[in-house]
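Take a look at the structure set out below.
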Amino acid sequence: MKNLEQKITAAIGTLYGEKCELPLTKTRREFAGDVTLVVFPLLKASRKSPEATAMKVGECLMRDIPEIKEFNVVKGFLNLTLTESFWMNQLAMTEGFNRHDDTGRTVMVEYSSPNTNKPLHLGHVRNNLLGYSVAQILEAAGNRVVKVNLVNDRGIHICKSMLAWQLYGNGETPASSGMKGDHLVGKYYVEFNNRLAEDPSLQEKAQEMLRKWEARDPEVYALWETMNGWVYEGFDVTYKALGVSFDKIYYESQTYLLGKSLVEEGLAKGIFYRKEDGSVWIDLTADGLDEKLLLRGDGTSVYMTQDLGTAVQRFSEEKLDQLIYVVGNEQNYHFQVLKLILSKLCYAWSDAIHHLSYGMVELPEGKMKSREGTVVDADDLIDGMIDTARRMSEELGKLDGVSPEEAAEVSRRVGLGALKYFLLKVDPKKTMLFDPKESIDFNGNTGPFIQYTHARICSILRKGASVDGAESKRMRDEGPDAAPCETINAQELELVKLLTEYPRIVTEAAAELSPAVVANYGYELAKTFNGFYHDCPILREEDAAKRDFRLRLSRQVARTLCLAMGLLGIELPEKM
RNA sequence: GGUCCCGUAGCUCAGUUGGAUAGAGCAACAGCCUUCUAAGCUGUGGGUCAGGCGUUCGAAUCGCCUCGGGAUCACCA
């Protein structure tokens with residue numbers, strides 16, 4: 001396709017004597033043709049009407065470029081029809097495609113970044129799925145990707161859980177209570193806030209505990225390690241259920257002192273300044289922002305100090321071409337400042353920092369608020385989706401005669417597929433709505449729709465292989481491109497075109513950092529296949545060449561759906 | 001108040017490096033299973049692309065203004 005565009009650009013160049021790169025677009029369904037060239041930009045050079053120009057260009061391209069079979073002109077739109085052999089070549093090329101060639105670039109993706117005082121909720125789920133998916137997409141685009149997690153394991157909020165547990169916990173543990181560790185710790189965080197109303201002194205006690213932690217008081221430190229350990233065990237279960245993973249995990253307890261030397265550097269360069277109380281600031285009012293604190297009066301660091309430090313550390317540890325932070329849009333300001341400060345400190349790589357800012361997940365009644373108990377817990381959500389999938393499968397009779405293990409696995413894939421697709425099909429930057437009552441669909445533009453399409457194809461391929469092995473026999477006897485079917489019908493051609501788009505979709509998704517691009521493509525492909533499946537017999541087709549071609553298309557659709565959904569972390573069942 | 005994001009069908013969302021008559025799903029209604037999995041397919045209805053002005057052959061897409069919604073501007077992280 002790229003090759004074709006270059007040829008067209010060259011042909012137009014010789015025709016009008018200037019380089020004019022006109023992009024090819026897909027021809028709209030209601031017109032004849034495969035690709036369309038818009039000739040309006042050529043009018044100045046041609047000095048003719050749009051129609052005449054398009055005709056002239058059409059004739060010229062038709063003469064010079066063998067891949068073009070015919071053309072038609074509608075106003076300034078030149079619609080080109082390409083030869084079937086062109087499309088068959090394109091198809092053969094995509095059949096060998098898994099991922100793009102190495103770019104030699106390394107990208108670090110930071111995502112998840114939880115607090116250890118409460119369990120993961122729906123917002124974290126969007127974050128985790130986005131981060132993991134973007135990493136997969138970048139990898140498929142040919143990059144080396146390092147997935148990292150920066151766990152916020154220290155600070156006053158953790159001390160609140162610890163204090164409440166110490167005062168009211170009676171030695172309760174995950175083992176004794178049967179609770180998941182992160183939920184147990186979360187329970188005491190809530191307990192703290194409840195008790196605070198009647199006993200305001202708790203606030204000061206928590207502060208005291210934080211001071212002890214920073215002084216490495218043995219008792220406090222041991223409690224901190226124990227309770228964090230519980231939380232990590234709980235998180236691991238959730239991460240595993242979601243299918244996300246990390247190459248490296250950073251802990252703020254180990255990084256929170258970083259960045260102080262940068263403050264010295266900034267002071268020396270005169271970019272930062274110190275106030276009377278000893279605190280250090282940067283004045284960003286000239287950039288339309290505010291003054292920003294970088295170091296407290298008592299010399300302790302703040303969030304920004306630490307983030308400056310970790311960024312510098314990461315770029316010095318290895319050669320990164322890009323560092324992506326998957327963090328909610330509530331922190332847009334923070335990252336704007338972070339980037340600005342790094343550029344003022346003259347780090348050449350400050351432009352390589354990118355905040356992948358995603359929108360909040362809202363409930364029908366508005367934002368999730370833990371205090372009002374309106375959070376949607378990640379584990380509950382996952383379990384609920386899997387249960388729903390199982391119930392639905394049973395109602396539809398899909399699990400009749402299936403082993404319990406297989407039934408569980410299908411339910412798991414479908415339930416998670418529905419959840420992941422639901423959260424990833426929406427443009428990351430947009431705020432999205434989740435209605436627990438209506439729950440997540442299993443029909444229409446959903447994960448299960450795509451999974452179902454895949455299961456159907458697998459069923460055909462199983463039968464196709466066992467019926468007579470016609471395809472493989474013909475392939476053996478006559479070679480891969482022997483006796484191709486003579487004519488491709490409209491639906492087959494539509495599938496071929498879509499299939500050949502996949503590599504470009506990966507490129508686009510990587511450029512936009514948007515799993516939604518991949519999700520929408522997968523839906524489009526599945527939908528197109530379902531139409532084809534409905535109208536065209538595959539195994540029942542009597543013409544052997546046609547049957548083989550349709551089997552080949554089906555196999556490639558299944559393969560492409562697997563690749564695309566794999567980028568979203570969605571597993572496709574072979575039966576459902 | 002400053003900065004940033006968003007506004008497309010009743011609902012949830014596609015479509016924006018400017019292209020032809022703005023698309024899906026859900027919901028509603030009407031059809032299609034003795035034949036490759038009906039979690040599917042087909043059809044009907046549903047729009048001032050928030051509003052206005054501008055840029056141009058052409059604007060949902062770019063610019064300015066207005067209205068509406070959200071985020072943020074902590075010695076929290």
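Letters go in sequence order (proteins before strands), and every chain restarts at 1.
With B:G19, B:A77, B:A14 as the choices, the nucleotide that has an atom nearest any side-chain atom of A:N152 turns out to be B:A77. Side-chain proximity of A:E252 to B:A39, B:U35, B:A77: nearest is B:A77. Of the candidate nucleotides B:A71, B:A77, B:U17, B:A77 has the atom lying nearest to any side-chain atom of A:Q306. Of the listed nucleotides (B:A77, B:A39, B:C4), B:A39 has the atom at the smallest distance from the side chain of A:L396. Distance from the side chain of A:T36 is smallest for B:A20 among the nucleotides B:A38, B:C41, B:A20.
Distances shown here put a side-chain N or O of A:Y452 below 4.0 Å from the OP1 or OP2 atom of B:A39. Note on A:K425: every side-chain N or O is 4.0 Å or more away from OP1 and OP2 of B:A14. In this structure, A:R456 reaches the B:A38 phosphate: one of its side-chain N or O atoms is under 4.0 Å from OP1 or OP2. The phosphate of B:G70 has neither OP1 nor OP2 within less than 4.0 Å of any side-chain N or O from A:K430. Under 4.0 angstrom from either OP1 or OP2 of B:C41 there lies at least one side-chain N or O belonging to A:N530.
Checking A:Y502 against A:Q556 by side-chain atom types alone, no donor-acceptor pair falls below 3.5 Å.
Taking the ring axis of A:W281 as reference, the NZ or CZ atom of A:K292 does not stay both within 45° of it and closer than 6.0 Å to the ring centre. Geometric assessment of A:R28 against the ring of A:F77 yields a negative cation-pi assignment under the 6.0 Å and 45° thresholds.
Within the 4.0 angstrom heavy-atom criterion, base atoms lie near A:V38.
Here A:Y523 does not lie in a stacked arrangement on the base of B:A24, lacking the combination of planes under 30° and ring centres under 5.5 Å apart.
Nucleotide B:C32 forms a Watson-Crick or G-U wobble pair with B:G40, both donor-acceptor distances falling under 3.5 Å.
In this structure, A:F434 and A:F422 have perpendicular ring planes: the angle between them is above 60°, well past the 30° mark.
A:D153 contributes no side-chain N or O that forms a donor-acceptor pair with the base of B:A77 under 3.5 Å.
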